[in-house]
Structures are given as structure tokens and as C-alpha cells.
Undergrad: 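Got a structure for you, questions after.
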Amino acid sequence: IYALTSEGKIRWIFDKIGRTEYSDPVAGQDGTIYFTTWDQRIIALREEGILKWAFQGDDSFKYSPSIDKKGFIYASSGHQIYCLTQKGTLKWKAVLDDLICSKPLLDIQGTIYQLTGDGYLFTISEQGKIKKKQKICTNASYGEADSKGNIYITGRDGLYLIKKDNKKLKLYSLSEKETIEVPPVIL
């Protein structure tokens, strides 16, 4: 990971992280930088690029972590979603019945959502309890939440919107020759 100045000069480099494919770093409100690695770790760096802590998971992390307004860090790997404190200690871990295919999604009320590859959207409480499992599409690939509490999901057969009131809308249908290989972008 490279940190640059506003002039484009290298401020610091942190290169002791293992494989980091699929994991973009995210910054907390206090300036801490969080990211996940394929060697089963969630990493926190201080603003100066110094290791703050590393948490060891049970499987490779392929997706970026998410941070809620209270500062809790959520990361998913394999069949599991983790919730960590800002100090890197485990608050809870939830186990789902399918492989996870996106970063954890957070809405404005603090609800946690996790999308799985077979097209289900899990709703998880702040205490790590699975509240709901909802079939959305076939072979989900990515998800994103907006500031209004809506969730956008890409799947093999199209783009979906799960509204705040839990209504499901299909925004776009894909033909057999089309695929969506990128996450939705919320403007």
C-alpha cells in the first residue's frame, strides 16, 4: 500500500501484507486504514503507515472491509462475516450457508447485509444474529448500499434494487451474452 502526498510524492509504503487481490483499503473516521488479505488477515494501519493491529481469520479475505458509524469493522471471507472493534478484537462472527461474494453492506440504520454467490441476501443484526435470508437473483456477484437504505445487487440475470421497505425491483435484465463483472456505483 502506498500513501501519497497531495503533490503525488510517496509519503510511505507498507509492503508487509501478503496477497491483497480484491481488497481495496478503506479509511476510518480516525484516519486508520483497513484492508483485507488473501492470507486470512484484516489489517489496520495508523495514518503514518505503521501497523496498528492484524486479525487472523479462518479463510482468505477477497473483499474490502466496511466500517459503520460506530467504528466497527466488518469483513467477510468464505462463509463467514466478522465484526471487529477498532482495537482489532472480535465482537462476533456469523456463519452463512453459502460462499460470500461481496463486501459487507451497511445501511443508514446500522443493519448489516451480506450477499452470497447463490443469490441470497442475508440481513444480520448488530449483535451478529441472522435475521433474514432473502432470495434475490441467480448467481449474485456484487452489492452496494446507498445512503437512503437501498441495496443494489448485480447477478447473472440482471441488476436489482432492494428498496428500504424490502420491495425487490429488477432494474435491468441481462441477455445470455451479457454479464456484469463490476460492482454497482452509487452516485
Undergrad: List the atom of His79, the atom of Asp97, and the distance in Å for their closest heavy-atom pair.
TA: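 Closest approach of His79 to Asp97: CD2-C, 3.9 Å.
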Undergrad: Would you say the side chain of Lys62 lies within less than 4.5 Å of the side chain of Trp38, judging by non-hydrogen atoms?
TA: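 Counting from C-beta outward, Trp38 and Lys62 do come under 4.5 Å.
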Undergrad: Please name the pair of heavy atoms, one in Leu45 and one in Leu51, separated by the smallest distance, quoted to 0.1 Å.
TA: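 Residues Leu45 and Leu51, closest heavy atoms: CD2-CA, 3.8 Å.
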Undergrad: Nearest 0.5 Å, please: how far is CD1 in Ile73 from OG1 in Thr85?
TA: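 Nearest 0.5 Å value for the OG1-CD1 distance: 6.5 Å.
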Undergrad: Does Lys91 NZ have over 12 foreign heavy atoms under 6.0 Å away?
TA: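 Counting neighbours around NZ of Lys91, more than 12 heavy atoms of other residues, nucleotides or ligands fall under 6.0 Å, so yes.
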Undergrad: Are Tyr63 and Ile112 connected in the hydrophobic side-chain network, where two residues link if heavy atoms are under 4.5 Å apart?
TA: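 Looking at the clustering, Ile112 is in a separate group from Tyr63.
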Undergrad: Report yes if some heavy atom in the side chain of Val185 is under 4.5 Å from a heavy atom in the side chain of Tyr152; otherwise report no.
TA: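 They are not in contact (no side-chain heavy atoms under 4.5 Å apart), so the answer is no.
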Undergrad: Please determine whether a side-chain nitrogen of the Lys or Arg among Asp68 and Lys70 lies less than 4.0 Å from a carboxylate oxygen of the Asp or Glu.
TA: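 Answer for the salt bridge query: no.
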Undergrad: List the atom of Gly155, the atom of Cys137, and the distance in Å for their closest heavy-atom pair.
TA: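 Result for this residue pair: CA-SG, 3.9 Å.
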Undergrad: What pair of heavy atoms forms the shortest contact from Ile1 to Trp12, and how long is it?
TA: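 Here Ile1 and Trp12 meet closest at O-CZ3, 3.9 Å.
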Undergrad: Drop me the distance from Glu126's CD to Phe72's CZ, to the nearest 0.5 angstrom.
TA: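 That separation rounds to 8.0 Å.
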Undergrad: Taking all non-hydrogen atoms of both residues into account, name the closest pair between Glu47 and Gly31 and its distance.
TA: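 In this case the closest contact between Glu47 and Gly31 is CG-O, 3.3 Å.
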Undergrad: Do you see a donor-acceptor pair shorter than 3.5 Å between the side chains of Gln80 and Tyr82?
TA: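 A pair is found: one side chain offers a donor N or O, the other an acceptor, under 3.5 Å apart.
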Undergrad: Starting at CD1 of Ile151, measure out to CG of Leu105 and round the result to the nearest 0.5 Å.
TA: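 Ile151 atom CD1 to Leu105 atom CG measures 5.0 Å (nearest 0.5 Å).
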Undergrad: Scan side-chain atoms only and decide if Ser60 and Ser77 contain a donor-acceptor pair under the 3.5 Å cut-off.
TA: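 Judged by distance alone, the side chains do not pair up.
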Undergrad: Once you round to the nearest 0.5 Å, how far does NZ of Lys93 lie from SG of Cys83?
TA: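 The SG atom of Cys83 is 13.0 Å from NZ of Lys93, to the nearest 0.5 Å.
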Undergrad: Is it true that, when you exclude Lys170 itself, more than 12 heavy atoms of the residues, nucleotides or ligands shown sit nearer than 6.0 Å to its NZ?
TA: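 Yes - once you tally the heavy atoms of other residues, nucleotides and ligands closer than 6.0 Å, there are more than 12.
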Undergrad: Is Ile33 close to Val26 at the side-chain level, that is, under 4.5 Å between some pair of heavy atoms?
TA: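 When only atoms from C-beta onward are counted, Ile33 and Val26 do not touch, as no gap falls below 4.5 Å.
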Undergrad: Which word best sums up how the rings of Trp92 and Tyr74 line up, parallel for under 30°, tilted for 30 to 60°, or perpendicular for over 60°?
TA: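 Tilted, since the angle between the ring planes falls between 30° and 60°.
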Undergrad: Between Asp30 and Lys52 (salt bridge meaning N to carboxylate O under 4.0 Å), is one present in this structure?
TA: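 A salt bridge links Asp30 with Lys52.
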Undergrad: Kindly indicate, with the supporting measurements, whether the criterion side chain to side chain donor-acceptor pair (under 3.5 Å) is fulfilled by Tyr113 and Asp107.
TA: CA-CA 8 Å; Tyr113 300 92; Asp107 73 10; 3.1 Å; yes
Undergrad: How many angstroms lie between atom NZ of Lys87 and atom CG of Leu90, to the nearest 0.5 angstrom?
TA: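 It comes to 15.5 Å.
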Undergrad: Tell me if the CD atom of Gln29 is crowded by more than 12 foreign heavy atoms within 6.0 Å.
TA: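 Counting neighbours around CD of Gln29, 12 or fewer heavy atoms of other residues, nucleotides or ligands fall under 6.0 Å, so no.
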Undergrad: Ile81, Leu106: one ILVMFWY side-chain cluster at the under-4.5 Å cut-off?
TA: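 Result: yes, single cluster for both.
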Undergrad: Taking the side chain as C-beta and beyond, is there a heavy-atom pair between Leu4 and Ile10 under 4.5 Å?
TA: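 Answer yes - side chains close enough.
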Undergrad: Looking only at non-hydrogen atoms, find the nearest pair between Pro104 and Ser76 and report the distance.
TA: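 Smallest heavy-atom distance, with atoms named: CD-OG, 3.7 Å.
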Undergrad: State the CD1-CZ distance between Ile43 and Arg41, to the nearest 0.5 angstrom.
TA: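 Answer for the CD1-CZ pair, Ile43 versus Arg41, is 4.0 Å.
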